[in-house]
Amino acid sequence: MKLFVRDLVLTAARAAHAAGVLPSDDFPAVEVQWPKIDSHGDFSTNFAMLSAKSQKMAPRRIAQALVDHMPKDTKQLARAEIAGPGFVNFFLHPAAWPPVVRQVLEADRTYGACDIGRGQSVQVEFVSANPTGPLHVGHGRGAVVGDTLARLLSFCGYNVQREYYINDSGRQIQTLGHSVLLRGRELVGHTVNFPEACYQGGYIRTLAKDLLEERGAAFFEQDDEAVAAECARFAAGRIIAGIRDDLGAFGVFFDEWFSEQSLYDSGQVDAVLDDLKTSGVVYAHEDAWWFRTTDFGDEKDRVVVRGDGRTTYFASDIAYHQNKFHRGFERVIDVWGADHHGYIPRMTAAVQAVGRRREQFQVLLVQLVSLLRGGQPVAMGKRSGEFITLREVLDEVGSDAARFIFLTRGYDSSLDFDLEVAKQQSNDNPVYYVQYVHARIASILHKAASQGLPIDGWHEAAEVHLGEVEEIQLIKALDRYPETIEQSAKTLAPHRLTFYLRELAALFHAYYNKHRVLTEDIQLTAARLCLVLAVQKVIRNGLSLVGVSAPDRM
RNA sequence: GCGCCUGUAGCUCAGCUGGAUAGAGCAACGGACUUCUAAUCCGUAGGUCGCAGGUUCGAAUCCUGCCAGGCGCGCCA
């Protein structure tokens with residue numbers, strides 16, 4: 001509907017120019033917005049103010065010219081008026097709205113989809129937690145942000161791939177292997193001194209026990225590097241499998257689990273370092289190799305190969321991101337924890353050094369989650385291993401509530417996740433508020449069906465019988481859905497979708513409390529069934545993009 | 001010290017990349033179930049958008065400088 005108004009403005013402007021009222025045909029991009037106040041109409045445009053310069057005219061005079069040349073042959077437009085400094089406000093005829101309901105019903109699951117992506121190949125990399133222990137709530141937030149973003153982008157015509165990067169190389173993995181080995185030795189009767197640097201969590205013992213069952217006691221009696229490596233491989237494999245299960249229970253799935261080690265095995269790390277050495281981006285200083293990230297705006301150069309010859313994490317990350325682009329992604333989005341923000345300048349430097357544009361690489365920093373229970377912080381010791389896992393949270397509050405709550409704020413502000421609130425089946429808990437709409441409508445439809453009423457799609461009665469204020473407001477909200485989707489995809493802001501859903505839900509609940517859908521009047525009932533069915537579809541579509549179920553009963 | 005994020009109602013947060021009289025939800029107070037689900041709704045109250053300048057027709061939004069909180073600044077990952 002917004003597009004319709006945009007066309008009105010443009011044709012009016014052209015007509016005014018043709019009639020000689022507007023001197024210039026250099027028009028700005030037409031912006032149409034939804035006014036907050038009813039008296040400002042259904043839509044408004046700031047076109048007159050924006051073109052004041054190029055027209056060399058006062059905004060209100062331009063606005064007048066627009067209004068004078070507004071197409072007269074349209075039935076949807078009731079009137080256009082000038083207001084304030086030069087806004088043109090559009091008032092639509094109530095009959096302009098019901099066709100939106102028809103669009104929703106006909107488009108069904110594809111309502112709101114668009115093609116701004118034009119098949120562009122995008123990778124979203126998220127979670128990517130080290131395989132040294134189970135996921136916690138913070139990872140959960142990253143998982144939901146990344147996953148929902150991927151769903152949104154793909155709904156908007158992007159060709160999306162979801163990837164999890166496994167840091168299965170380097171120090172942490174060695175430590176993991178060592179930790180398991182030591183716990184294994186304990187199990188077979190040795191007294192060991194368990195260093196603080198090792199992983200303290202109880203899951204290490206479980207892993208050791210599993211390994212003991214599989215390989216027998218003799219395995220832990222050996223004492224060499226190979227055994228520790230074996231432990232590491234075993235433990236990492238198990239942990240990743242666990243992570244995969246936990247994410248699956250959360251409705252998060254990946255197309256690719258990419259191994260860091262594979263970059264070393266295939267020689268890609270060495271290859272990219274060699275290339276960068278020849279091009280001079282990587283240089284020797286003292287006894288290490290440095291990346292000239294300052295050339296790309298970083299505050300200091302960064303080491304890629306240490307004095308002892310070992311590469312840094314950064315080195316493999318350069319190779320990794322080069323690899324991403326080699327695989328054909330035109331755009332790469334990384335979702336990171338906010339504590340990694342210092343890493344962004346060097347990573348964008350790396351992306352540019354391997355020949356890509358800065359805009360092709362974006363990082364989303366997801367802020368911290370504080371876990372609470374009834375307002376009190378839950379202790380989340382890192383080293384101690386005393387933390388609540390994502391799995392435990394899911395078991396307690398359920399995937400729907402957890403996912404929705406993670407999206408009730410923008411990812412760039414920190415979030416309090418209260419277990420008690422998340423569990424509550426009350427209006428403190430926004431998931432149920434939205435889901436309840438779906439259930440209520442399902443219930444209406446159920447009853448309608450039992451009375452033999454038509455509930456399968458568009459009915460012409462809706463053309464003339466949807467005129468209540470609450471009905472028009474609902475339809476206007478339905479009309480806004482496609483743009484909400486597009487905007488959240490464009491700005492990479494999945495939380496906008498949950499906010500929209502709450503708004504739509506509020507409008508529906510208000511409508512529901514004021515008007516009955518099933519009435520004595522068959523035509524009216526048929527019309528309202530159409531509306532309510534359309535609302536249900538949009539709720540269902542929106543929830544599905546967020547990865548939340550749309551129950552028929554609650 | 002430098003950098004990033006945040007600062008909006010008592011609390012938790014939105015605010016459609018610059019629009020008109022800044023919005024929700026909690027909490028508080030007062031109302032609505034014989035009806036298609038009260039996990040809901042209606043009403044009341046609540047504001048110097050951290051502070052000070054600047055940019056322009058117009059600023060919560062953009063720029064600068066302060067103030068406060070969080071995080072980061074390794075040849076760690």
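Just so it is clear: chains get the letters A, B, ... in the order the sequence lines come, proteins before strands, and each one is counted from 1.
Comparing A/Leu518 and A/Ile37 by the nucleotide of RNA chain B that holds the closest heavy atom to each, the one mapping nearer the 5' end is A/Ile37. Each of A/His40 and A/Asn167 lies near RNA chain B, and the nucleotide nearest A/His40 is the one positioned closer to the 5' end.
Contact check, A/Lys36 against B/A20: a side-chain N or O comes under 4.0 Å of OP1 or OP2. OP1 or OP2 of B/C76 has at least one side-chain nitrogen or oxygen of A/Arg306 nearer than 4.0 Å. OP1 or OP2 of B/A14 sits under 4.0 Å from a side-chain N or O of A/Ser413. One finds a side-chain N or O of A/Tyr433 lying less than 4.0 angstrom from the OP1 or OP2 phosphate oxygen of B/C41. Side-chain N/O atoms of A/His509 include none lying less than 4.0 angstrom from OP1 or OP2 on B/C36. In this structure, A/Lys423 does not reach the B/A39 phosphate: none of its side-chain N or O atoms is under 4.0 Å from OP1 or OP2. Contact between the side-chain N/O atoms of A/Arg60 and the OP1/OP2 oxygens of B/C57 is not found at any separation under 4.0 Å. Within the structure, every side-chain polar atom (N or O) of A/Tyr432 is placed at least 4.0 Å from both OP1 and OP2 of B/A39.
Between A/Lys514 and A/Glu468, no side-chain nitrogen of the basic residue sits less than 4.0 Å from a carboxylate oxygen of the acidic one, so the salt-bridge criterion is not met.
Annotation: cation-pi geometry not satisfied between A/Arg440 and A/Phe508 (NZ/CZ under 6.0 angstrom from ring centroid, within 45° of ring axis). Under a cutoff of 6.0 Å and an axis angle of 45°, A/Arg502 and A/Phe499 form a cation-pi pair. For the pair A/Arg302 and A/Phe291, the cation-pi criterion (under 6.0 Å, within 45° of the ring axis) is not fulfilled.
Rounded to a whole angstrom, the distance from the C1' atom of B/G7 to that of B/C66 is 14 Å. Separation of the C1' atoms belonging to B/U55 and B/C62 is 8 Å when rounded to the nearest angstrom. Taking atom C1' on both B/G19 and B/C13, the two are 23 Å apart, rounded to the nearest angstrom. Between B/C41 and B/G53, the two P atoms lie 43 Å apart (nearest whole Å). Comparing the same atom, C1', in B/A39 and in B/G25 gives a spacing of 15 Å after rounding to whole Å. Across the C1' atoms, B/C67 and B/A28 are found 32 Å apart, a figure rounded to whole Å. Nucleotides B/A32 and B/C5 have their C1' atoms positioned 44 Å apart, rounded to a whole Å. For the P atom pair drawn from B/A45 and B/G30, the interatomic distance equals 15 Å after rounding to whole Å.
One atom, OH of A/Tyr343, and another, C1' of B/C76, lie 10 Å apart when rounded to the nearest Å. Atom pair A/Arg141:CZ and B/C5:C1' shows a separation of 12 Å (rounding to whole Å applied). A/Leu507 places its CG atom 11 Å from the P atom of B/A24, with the value rounded to the nearest Å. If you measure from atom OH of A/Tyr500 to atom P of B/G25, you get 17 Å, rounded to the nearest angstrom. Rounded to a whole Å, the CZ atom of A/Arg496 is 9 Å from the C1' atom of B/G15. With rounding to whole Å, A/Asp412 atom CG is found 16 Å from B/U17 atom P. Rounded to a whole Å, the CZ atom of A/Arg346 is 13 Å from the C1' atom of B/C4. B/A20 atom P lies 10 Å from atom CE of A/Met49, rounded to whole Å.
Among the heavy atoms of the strands lying under 4.0 Å from A/Tyr512 is at least one base atom, whether or not backbone atoms are also near. Residue A/Glu299 is classed as a sugar-phosphate contact, given heavy-atom separations below 4.0 Å to backbone atoms only. Base engagement by A/His515 is indicated by at least one non-hydrogen atom pair under 4.0 Å involving a base atom. A/Ser44 comes within 4.0 angstrom of a nucleotide base, judged by non-hydrogen atoms across all strands. Using a 4.0 Å heavy-atom distance criterion, A/Asn130 is classed as a sugar-phosphate-only contact. In this structure, A/Lys514 reaches neither bases nor backbone, as no heavy-atom distance under 4.0 Å exists between it and the strands shown. At the heavy-atom level, A/Pro59 lies nowhere under 4.0 Å from the strands shown. Nucleic acid contact for A/His340: base, since at least one base atom lies under 4.0 Å from a heavy atom of the residue. Contacts of A/Ala58 with the nucleic acid, taken as non-hydrogen atoms under 4.0 Å apart, are absent. Within the 4.0 angstrom heavy-atom criterion, only backbone atoms of the sugar-phosphate kind lie near A/Gly410; the bases stay farther away. Residue-level contact check: A/Arg516 touches the bases, meaning some heavy atom is under 4.0 Å from a base atom. Residue contacts for A/Phe87: at a heavy-atom cut-off of 4.0 Å it reaches a base atom on one of the strands shown. When heavy atoms are screened at a 4.0 angstrom cut-off, A/Asp287 is found touching base atoms of the nucleic acid. When heavy atoms are screened at a 4.0 angstrom cut-off, A/Ala288 is found touching base atoms of the nucleic acid.
Between the side chain of A/Thr408 and the base of B/A14, no donor-acceptor pair of N or O atoms lies under 3.5 Å. The base of B/C42 lies outside donor-acceptor range of the side chain of A/Asn513, with no N or O pair under 3.5 Å. If you check distances only, the side chain of A/His341 does reach the base of B/G3 with a donor-acceptor pair under 3.5 Å. Not a single donor-acceptor contact under 3.5 angstrom links the side-chain atoms of A/Asp339 to the base of B/G72.
For A/His446, the NE2 atom is loosely surrounded, since the number of other residues' heavy atoms within 6.0 Å does not exceed 12. The neighbour count for A/His465 NE2, taken as heavy atoms of other residues, nucleotides or ligands under 6.0 Å away, is above 12.
Between the side chain of A/Asp168 and the main chain of A/Gln261, a donor-acceptor pair closer than 3.5 Å is present. Side-chain atoms of A/Asp479 do not come within 3.5 Å of backbone N or O of A/Ile475 as any donor-acceptor pair.
Of the N and O atoms on the side chains of A/Ser488 and A/Tyr500, not one donor lies less than 3.5 Å from an acceptor on the other residue. A donor-acceptor contact closer than 3.5 angstrom is absent between the side chains of A/Asp301 and A/His285.
You'll find that the side chain of A/Gln487 is closest to B/U17, out of B/U17, B/C36, B/A39. Residue A/Arg502 has its side chain nearest to B/G25 when only B/G25, B/C75, B/C4 are considered.
Base-pair partner of B/G3: B/C71 (Watson-Crick or G-U wobble, both distances under 3.5 Å). In this structure, B/G65 forms a base pair with B/C51, meeting either the Watson-Crick or the G-U wobble geometry with both donor-acceptor distances under 3.5 Å. Partner assigned to B/G46 is none, using Watson-Crick or G-U wobble distances below 3.5 angstrom. Across every strand in view, B/U35 sits unpaired, with no contact that passes the Watson-Crick or G-U test at under 3.5 angstrom.
Glycosidic conformation at B/C33 (O4'-C1'-N9-C4 for purines, O4'-C1'-N1-C2 for pyrimidines): syn, within 90° of 0.
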